[in-house]
Number of protein chains: 2
Amino acid sequence: MAARIEDVAADAGVSVKTVSRVLNGYTNVRVKLRERIEKSIRDLNYVPNASARSLAGRRSFLVALLYDNPTAVSSYIMDVIVGVLEACKETPYNAVLHPFDAADDLAARIDGFVAHHRPDALVLVPPHANNAKLLQRLDELDIRYATISSRLRESSIDIGFDERKAAEDIVAHLLSLGHQRIGHVTGLKGHGARAWRRTGYRDALRKAGVAYDASLVVEGDFTFESGLAAARVLLDLDHPPTAIFAANDDMACGVMREAYERGLVVPDDLSVCGFDGTPVSQLISPGLTTVRQPCREMGCAAVQSVLQAIRDPSLHHQERLPYQLKIRGSSAAPGTS
Amino acid sequence: MAARIEDVAADAGVSVKTVSRVLNGYTNVRVKLRERIEKSIRDLNYVPNASARSLAGRRSFLVALLYDNPTAVSSYIMDVIVGVLEACKETPYNAVLHPFDAADDLAARIDGFVAHHRPDALVLVPPHANNAKLLQRLDELDIRYATISSRLRESSIDIGFDERKAAEDIVAHLLSLGHQRIGHVTGLKGHGARAWRRTGYRDALRKAGVAYDASLVVEGDFTFESGLAAARVLLDLDHPPTAIFAANDDMACGVMREAYERGLVVPDDLSVCGFDGTPVSQLISPGLTTVRQPCREMGCAAVQSVLQAIRDPSLHHQERLPYQLKIRGSSAAPGTS
DNA sequence: CTGAAAGCGCTAACAG
DNA sequence: CTGTTAGCGCTTTCAG
């Protein structure tokens, strides 16, 4: 049988409670005792039993990551997960993943979820991160949570990056190449990403003194298919754009597909930019100019902050992480054709 | 405070033990009693406390998914995860993810891992699924595990699909289009996927009466870059192939990139096929002809089998799931150029 | 700064 | 088929 806390206590010649104090990082233990206990722990190869800790301490050591089902298959969430796991690695916490259909009323189901899994903390990505009723209910239940890229002010812990500025940068890049007619495929309603990226697009045009043309902005929903459809609309215009900025990489791929179908060469006949920096942006040919979103870093930071908030419930934390513009082969100066 | 098992027992007028029996699915409870207890559970909104169950029952209700770090960012594992979560959904089990560097000697670290997390069962994907020492140690520790696509016979529960046949199918497809010189970029050593897919390639050639030419087979390691490098070698041959079958989609993208750099048009000048059916295969233009690997289904089946094995340790289960050939725009009859 | 003892909520012998 | 009772291994009052 594995060593238990009382074995450690006996070995170190102290009480069980003192060992527990060391285990939980309390500071009121004499250095000498602490060292003796730590040695016993090593000697006996002692590992605390998580179930017993949970039961006695009324905490699960679980951080739940809530995301929605369409997101489930995107590399965005995969990257966030990598960051979340990384952050948990050096803590006693485990991450558990919970995809929820965005269509479901999560605010109504959250009570049952919490009753079942009893997570100590939650990390929410859009669109759940934008569900005001959900956040309110979590506050009522007194459960700590961190949001990623939430557009709500209600979230006292939110991690993101300057999406508006990133979008502005990428459109400014197109403008600097000489493009004047730049199309934009928007993201899905309800996501902050939609508004921020569109605003960045408009800001870049304004700063360059290029008039905004509403016919160049087409609705998308973050899917490849919507990018394809939007490109059809844009390329069918009497005066089509020479460049298209899609609000994410999948839609940019849709745009590239439509260009391909029409025999248009990217970037000679049409420049295309995406957003997110998903794997496909590197794999596709030509490489897709995009913004690398710091997903991994955001997942990591979200967990770190929310674990801190468990100790200090008053914690308020807004963090904006750096992003990277990735200039690749899909953008170039407009052709003469 | 939430209802506890004794509240349910009191409400139903039975002993705690009987409630426990119902909770754990024992059959030796009279139907009438069972129904009464189930009603009380509903009425009181009772949810068992997982920590207490774990502690008393000496099980964690955790299924750990072990994968390696390069795999971590691939959509392969993302899909497996989706399946694993799906399978856990309707059970009291939670999935926990654990990326391990493939370079690490997992067999040596598994004891510590098990001591810490005490998973009731494990699911292993390649390359860990092929680590004989690891599996042996798990057997010694008496921990149930399921492998996915393991090439070892030692694994008593393994889920996969007929990779050799799938590769044969895809090469047969190229042959049927009229290709005679078909290049192959292999997978990474140590993965069954490498050997199976290469064997399928050779089998297809043999059945079609096409001589095997070793110069058409180039080493790859499943990365985009290795596909790029392999394509360089193949396209530099005096008598280059008219089609290339890469052992996964990322490498196929590398091949397409090299073709793009050389001004070769896919599929007119070169047909390209991948393997896996990752998202990029649909997003890229032209669409990539590939085999959709049933990742989600494998993850799901692996969990189901391994949970069954907890109840019946003698369970022996080998399952081969159906795959799908996806013919897309990247493959066509060889051009006349 | 340290210790003794009382549970956390459930499962599992064991007895009926 | 059902109930009684003793823990599972840890945290945490409450004293000292």
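Numbers restart at 1 for each chain; the letters A, B, ... are given by sequence-line order, proteins then strands. Reckoned from all heavy atoms, side chains included, excluding hydrogens, waters and symmetry mates. All values reported here derive from a predicted model rather than from experimental measurement.
Each of A:Asn49 and B:Ser15 has a nearest nucleotide on DNA chain D; the 5'-most of these lies closest to B:Ser15.
Distance B:Asp7 CG to C:dC10 P: 9 Å, rounded to the nearest Å. At whole-Å resolution of the value, CG in A:Leu55 and P in C:dA6 are 17 Å apart. Across the protein-nucleic acid pair, A:Lys32 atom NZ and C:dT2 atom C1' stand 17 Å apart, rounded to whole Å.
Between B:Tyr67 and B:His128, the ring centre distance reaches or exceeds 6.0 Å.
Ion pairing of B:Asp105 with B:Arg109 is absent here, as no side-chain N (NZ or NE/NH1/NH2) approaches a carboxylate O to less than 4.0 Å. Comment: A:Asp120 does not engage A:Arg144 in a salt bridge, judged by the lack of any side-chain N to carboxylate O separation of less than 4.0 angstrom.
Judged purely by atom type and a 3.5 angstrom limit, A:Thr147 has no side-chain atom pairing as donor or acceptor with the backbone of A:Ala129. Although no hydrogens or angles enter the test, the distance criterion places a donor-acceptor pair under 3.5 Å between the side chain of B:Ser60 and the main chain of B:Arg118.
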So which protein N/O to nucleotides 11-15 of chain D N/O distances come out below 3.5 Å?
unit_1	atom_1	unit_2	atom_2	d
D:dT11	OP1	A:Asn24	OD1	3.4
D:dT11	OP1	A:Asn24	ND2	3.0
D:dT11	OP1	A:Arg53	NE	3.0
D:dT11	OP2	A:Ser20	OG	2.9

Using atom types as modelled, flag every donor-acceptor pair under 3.5 Å from a side chain in residues 80-92 of chain B to any protein atom, sequence neighbours excluded.
unit_1	atom_1	unit_2	atom_2	d
B:Glu86	OE1	B:Arg296	NH1	3.4
B:Glu86	OE2	B:Arg296	NH1	3.4
B:Lys89	NZ	A:Pro99	O	3.1
B:Thr91	OG1	B:Cys88	O	2.8
B:Thr91	OG1	B:Tyr93	N	3.0

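Regarding contacts with the backbone of C:dG9, a side-chain N or O of B:Arg4 is found under 4.0 angstrom from either OP1 or OP2.
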